[in-house]
Amino acid sequence: MHTRLRILLPLIAVSVVVASAAVACTDGALLASGPASSAPTGRGPTVGDGSRSASADAWGAPLFVERFDGKDVDPTNWWVYDKPNAEPFPRSLARATVAGGALRLTGGFDSAGRDLGAGIANKMNLRYGRWEARVRVERGDGYSGVILLWPASGNWPTDGEIDLLEAINGNRQGASSFVHNGPRNHVEWHYLPGDYTQWQTIAVEWLPRSITFYLNGVPEWTVTTPAIPGAVNPIPSTSAMHLALQLDKGCTGAIPCRNSRTPATVTMYVDQVRIWTAPPRLTG
């Protein structure tokens, strides 16, 4: 169900040292974005049912909040994918836009007849933390809405991958979460119920001994380190990770192909992202 090699990036350019929240930057020239906008500010959490997440409250104030209130994707905080001839997941800069207070990742054919997806990746890398996004995906076979954490090292599958959401079915009724880890790509997964054409808030808390997934502030699934000595550890631990938001073109792997019912365009909307560093009391 998962789609390999989703993120063909250079090493993402920002790393965060959790203890001090110090940020070091280098250049990463492959991806492009629009003009800079003002830095995002936090305005309090919104989850799908309008309530606060008790788990999020326990983590304190988020380190990063994005509301997509500007006119473009902010290049200070995000890389925008721009490889329209890549295979198996071609993506275009022009397909990642901001309007009406939401990020819009739109799949469809361009003027050259290429079927394209879109995606952006956050420039903040953390080893352990909490990531949250509020999302909805339009109906239409041929595209998968994806929210994931990808290793800063780019060393997949050894350094792992955490998929908060993969909505591959064109009707968007139900989705899945995945955890990958290790050189043999140990995989665990969980079904997420719900109608993903409607706004849903997806979150994950990644800690040294557990990964917990939340849907609208309610814990859905927890993966833990094994109690049996020598068993495979499903928890990634060898690289910091960053958040990626993607609408991936289908007709590859488990993602269905376009068909006669697929609209001309299919859009994934994200109107909020929040990121927390893990408190020391949870990582010790």
Side-chain angles (χ1 to χ4, degrees), residues 11-26 39-47 51-67 76-78 121-134 147-156 158-164 177-182 186 188 190 201-227 229 231-244 272-284:
L11 192 66
I12 288 291
V14 179
S15 61
V16 176
V17 179
V18 175
S20 62
V23 178
C25 300
T26 59
T41 58
R43 298 185 298 185
T46 303
V47 296
S51 65
R52 292 183 64 89
S53 166
S55 177
D57 289 345
W59 284 63
L63 178 66
F64 173 82
V65 178
E66 175 67 88
R67 289 287 195 149
T76 305
N77 298 316
W78 302 93
N122 192 259
K123 294 185 177 182
M124 180 179 296
N125 283 300
L126 295 173
R127 185 175 300 181
Y128 310 126
R130 177 186 169 94
W131 290 259
E132 178 186 280
R134 189 168 183 261
I147 302 172
L148 72 151
L149 303 182
W150 187 259
S153 66
N155 186 21
W156 185 94
T158 299
D159 288 337
E161 171 187 354
I162 300 171
D163 300 301
L164 288 71
S177 298
F178 295 86
V179 176
H180 301 253
N181 196 37
H186 177 83
E188 299 195 10
H190 179 78
T201 298
I202 309 296
V204 69
E205 294 175 357
W206 172 35
L207 295 170
R209 289 172 292 278
S210 67
I211 300 173
T212 301
F213 295 81
Y214 293 82
L215 178 61
N216 298 323
V218 178
E220 273 285 327
W221 179 43
T222 298
V223 178
T224 60
T225 52
V232 174
N233 183 4
I235 309 297
S237 62
T238 52
S239 174
M241 294 194 182
H242 57 266
L243 181 72
Q272 178 175 263
V273 167
R274 300 196 297 165
I275 301 173
W276 291 256
T277 55
R281 61 184 171 79
L282 298 179
T283 58

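From a predicted model like this one, the values you see are computed outputs, not experimental measurements. When reading the values below, keep in mind they use all heavy atoms of this one structure, side chains included, and skip hydrogens, waters and symmetry mates.
Residue Asp159 holds its CG atom at 13.5 Å from NE2 of His180, rounded to the nearest 0.5 Å. For the atom pair CD1 of Ile162 and CD1 of Ile211, the computed distance is 4.0 Å after rounding to the nearest 0.5 Å. Residue Glu161 holds its CD atom at 5.0 Å from CH2 of Trp150, rounded to the nearest 0.5 Å. Rounding to the nearest 0.5 Å places CD of Glu205 at 10.5 Å from CH2 of Trp131.
Judged as a side-chain contact (heavy atoms from CB on, under 4.5 Å), and not counting sequence neighbours, the contacts of Thr225 are Arg209, Asn233, Ile235. Contacts of Thr212 classified as side-chain contact (heavy atoms from CB on, under 4.5 Å), with partners at least two apart in sequence or in another chain: Tyr214, Pro219, Thr222. Applying the side chain to side chain donor-acceptor pair (under 3.5 Å) criterion to Thr158, with sequence neighbours excluded, gives no partner residue. Residues that satisfy the side-chain contact (heavy atoms from CB on, under 4.5 Å) test with Ala231, not counting sequence neighbours, are Pro226, Ile228. Taking the side-chain contact (heavy atoms from CB on, under 4.5 Å) definition, one finds that Ser237 meets it with Tyr128, sequence neighbours left out. Taking the ring pair (Phe, Tyr, Trp, His ring centres under 6.0 Å) definition, one finds that His186 meets it with nothing, sequence neighbours left out.
Ala58 and Arg281 get closest at one heavy-atom pair: O-NH2, 2.8 Å. Of all non-hydrogen atoms in Ser177 and Leu164, the two that sit nearest each other are OG-O, 2.7 Å. Scanning all heavy atoms of the two residues, the minimum distance from Thr238 to Arg127 falls at O-NH2, 3.4 Å. Residues Ala278 and Leu207 share a closest heavy-atom pair of CB-CD2, 3.9 Å.
Using modelled atom types, no side-chain atom of Ser210 and backbone atom of Val223 make a donor-acceptor pair closer than 3.5 Å. Using a distance-only test at 3.5 Å, with no hydrogens or angles considered, a donor-acceptor pair links the side chain of Asn216 to the main chain of Thr201. Trp276 contributes a side-chain N or O that, together with a main-chain N or O of Gly60, makes up a donor-acceptor pair within less than 3.5 Å. A donor-acceptor pair under 3.5 Å is formed between the side chain of Ser239 and the backbone N or O of Ser153. Trp206 places no side-chain N or O within 3.5 Å of a backbone atom of Leu126 that could act as its donor or acceptor partner.
Between Gln272 and Glu132 the shortest side-chain heavy-atom distance falls below 4.5 Å. By the 4.5 Å heavy-atom criterion applied to side chains, Trp59 and Leu282 are counted as neighbours. A heavy-atom distance below 4.5 Å is found between the side chains of Leu215 and Ile202. Residues Asn122 and Glu66 form no side-chain contact, since every pair of their non-hydrogen atoms from C-beta on lies 4.5 Å or further apart. Counting heavy atoms from C-beta on, the side chains of Met241 and Pro236 come closer than 4.5 Å. At least one side-chain heavy atom of Pro208 sits under 4.5 Å from a side-chain heavy atom of Thr283.
The only member of Thr277, Asn77, Leu243 that meets side-chain contact (heavy atoms from CB on, under 4.5 Å) when paired with Phe64 is Asn77.
A donor-acceptor pair shorter than 3.5 Å cannot be found between the side chains of Glu188 and Trp221.
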